[in-house]
Amino acid sequence: MKHLALSLLLVFLSFTSFANQDELSKFVPKGFKILFQYTADLNADSIPDKIIIVGVNKSLGDSVLKSLFPDDMNYQKRPVIILLGQKDHSFKRVTRNDNAIAQSLGTKDPFSRIKCETGVFTIVHTIDASDEQCTVESRFEWVNKQSDWYLKNYSQSCISAKTSLDQEGAGFREKTPKNFGKITPMTLEIDEWGQ
């Protein structure tokens, strides 16, 4: 009896997972697939929301991808899509940004993760160089009045392997809206990181 109950629970959980995946698939643009997904109450309304990161579905093959995308399509782009949960347990797409996730640098993928809390999410990248490693975080917070998220701070923390006293690139640097103004997830560009 215990084995039957466990089997039924596993079937239910896998069905729920597939149903959830199917629910999200309608928000995935043609030619893309979901790479990562995060769940949190992003707008602090007590309803779970989703952030999905999609990437080009290379398994479709070159001929299909060429028919879906223009010749200059950058296959490295990984759009970030924010979906707000609704009272009926469905989702509504509220924003998409194709440039918030950095492209792979050679064999190193700088994207680490997205950290989520109630009303907050942080896009985290780790950039490895030969003599230092830097973690770059872009933290967005929900603002009720504007019904949107705004970049609250950008920080860069570096650990240098150099032994010299001159470690200008090492340490911690932080910028706030005083430095960069109002930036929403839709308008975030990779170039805005500490430049």
*Shared hydrophobic cluster for Phe36 and Phe140 (ILVMFWY, side-chain gaps under 4.5 Å)*: yes
*Nearest 0.5 Å, what's the OG1-CG distance between Thr187 and Asn97?*
7.5 Å
*Flag side-chain contact, heavy atom, 4.5 Å: Phe32 against Pro79*: yes
*Could you check if a side-chain atom of Asp41 sits within less than 4.5 angstrom of a side-chain atom of Asp49, using non-hydrogen atoms only?*
yes
*May I ask you to decide if Leu84's main-chain N or O and Gln86's side chain share a donor-acceptor pair within less than 3.5 Å?*
yes
*asked:* Between Glu117 and Lys115, does any NZ, NE, NH1 or NH2 come within less than 4.0 Å of an OD or OE carboxylate oxygen?
replied: no
*Shortest non-hydrogen contact from Gly31 to Leu68?*
CA-CD1, 3.5 Å
*Indicate yes or no for a side-chain donor-acceptor contact from Trp149 to the backbone of Leu42 under 3.5 Å, with no hydrogens or angles considered.*
yes
_Minimum-distance pair of heavy atoms, taken over all atoms of Ser147 and Trp142_ = C-CH2, 3.2 Å
*In Å, rounded to the nearest 0.5 Å, how long is the span from OG of Ser112 to CD1 of Ile123?*
11.5 Å
*Kindly give the heavy-atom pair with the smallest separation between Pro177 and Lys152, and that separation in Å.*
CD-O, 3.2 Å
_I want to check something: taking the side chain as every heavy atom from C-beta on, are Met186 and Leu188 in contact at a cut-off of under 4.5 Å?_
no
_Walk me through whether Leu24 and Val28 qualify under side-chain contact (heavy atoms from CB on, under 4.5 Å)._
CA-CA 7 Å; Leu24 297 180; Val28 177; 5.6 Å; no
Can you give each donor-acceptor pair under 3.5 Å made by side-chain atoms of residues 52-61, sequence neighbours left out, with the distance rounded to 0.1 Å?
from	atom 1	to	atom 2	distance (Å)
Asn57	OD1	Ser59	N	3.3
Asn57	OD1	Ser59	OG	2.5

_So, taking the atom named CZ in Arg173 and the one named OG in Ser157, what distance separates them when rounded to the nearest 0.5 Å?_
10.5 Å
*asked:* For the CD1 atom of Ile81 and the CZ atom of Arg96, what is their distance to the nearest 0.5 Å?
replied: 5.5 Å
_In the structure I gave you, are the side-chain heavy atoms of Phe27 and Phe91 within less than 4.5 Å of one another anywhere?_
yes
*If every non-hydrogen atom of Ile47 is compared with every non-hydrogen atom of Asp45, which pair is closest and at what distance?*
N-OD1, 3.0 Å
*How about Ile51 and Phe121: do any of their side-chain heavy atoms sit closer than 4.5 Å?*
yes
*Could you grab the distance from atom CD1 of Ile101 to atom NZ of Lys77, nearest 0.5 Å is fine?*
11.5 Å
_Salt bridge or not between Arg78 and Asp109? Use side-chain N to carboxylate O under 4.0 Å._
yes
*Between atom CG of Asn153 and atom CD of Glu174, what is the distance when rounded to the nearest 0.5 Å?*
4.5 Å
*asked:* Taking Val124 as the starting point, is it possible to reach Leu151 by hopping between hydrophobic residues whose side chains are less than 4.5 Å apart?
replied: no
*What pairs with Ser90 under side chain to side chain donor-acceptor pair (under 3.5 Å), at least two apart in sequence or on another chain?*
Asp88
_Step-by-step side-chain contact (heavy atoms from CB on, under 4.5 Å) determination, Lys33 to Leu35_ = CA-CA 6 Å; Lys33 66 179 181 177; Leu35 301 176; 4.0 Å; yes
*Ile82 side chain reached by Pro185 side chain, heavy atoms, under 4.5 Å*: yes
*asked:* If you compare all heavy atoms of Gln156 against all heavy atoms of Tyr154, which two are closest, and at what distance to 0.1 Å?
replied: OE1-OH, 2.6 Å
